[in-house]
Amino acid sequence: MAYDLDQFVADCRAILKRDQSPRGREEVRSRLERLLANKDFVAATCGAEAPTGLKVLYEDKDLGFQVLAHINDKARKSPPHDHGASWAIYGQATKHTDMIEWERVDGGGPRAELKEVKRYRLNPGQAGIYQDGAIHSIDYPDGARFIRVTGTNLDKIDRVRFDLATGEVHQMTPQQAT
Ligand SMILES: [Fe+2]
């Protein structure tokens, strides 16, 4: 039987119960790639018929992690942002996402200076991981859809985004989803 959402969630629970460190999260990342290889799951969750928007596929009341489907219609380019004290794993379902990872090099003043450290494309079936405090920006075309696993509900924690032109640091509001 194909690896499905229930199996993925059960694996996430088992893994994160014993290891919440970056190593445990890396195991979750590779399981997410396995889930994305399930064509029926991708078609049902992220296919052309799926309603657009953000869908919570699963939230763990115990451990706090969430599995979210980002059913995007229109292209979007995000500013650099973090995921606060959480981590996030992005698994591409359809089309692609161009990722840039950034490092803050100003020492934490009111005006941030960011340096690009890595740039790559996530293609369908590939998942990337962003550990707590990591800064990234994303850029995807129309119809790019992905499954995201976060360590907690990001709407409930402080997060920031950066204005590359001015260096200004802004608090993110809930639903500035990604
Ligand atoms: Fe993000």
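First listed ligand is number 1; within each ligand, the first listed atom is number 1. Atom set for the values below is all heavy atoms of this structure, side chains included, hydrogens, waters and symmetry mates excluded.
One of the N, O or S atoms belonging to Y90 lies under 2.8 Å away from the Fe ion (ligand 1).
For H136, the N, O or S atom with the smallest separation from the Fe ion (ligand 1) is NE2.
Note on D139 versus R76: no salt bridge recorded, every NZ/NE/NH1/NH2 to OD/OE distance being 4.0 Å or above. The pair E113-R104 fails the salt-bridge criterion, with no side-chain N (NZ, NE, NH1 or NH2) lying under 4.0 Å from an Asp/Glu carboxylate O.
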Practice item. Go through the steps for E27 and R18 under the test salt bridge (Lys or Arg N to Asp or Glu O under 4.0 Å), then give the verdict. Key: CA-CA 12 Å; E27 285 186 56; R18 70 170 153 76; 3.0 Å; yes
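Seen from the Fe ion (ligand 1), atom NE2 on H81 and atom NE2 on H83 lie at an angle near 110° (rounded to 10 degrees).
In this structure, the ring of Y58 has its center less than 6.0 angstrom from the ring center of F65.
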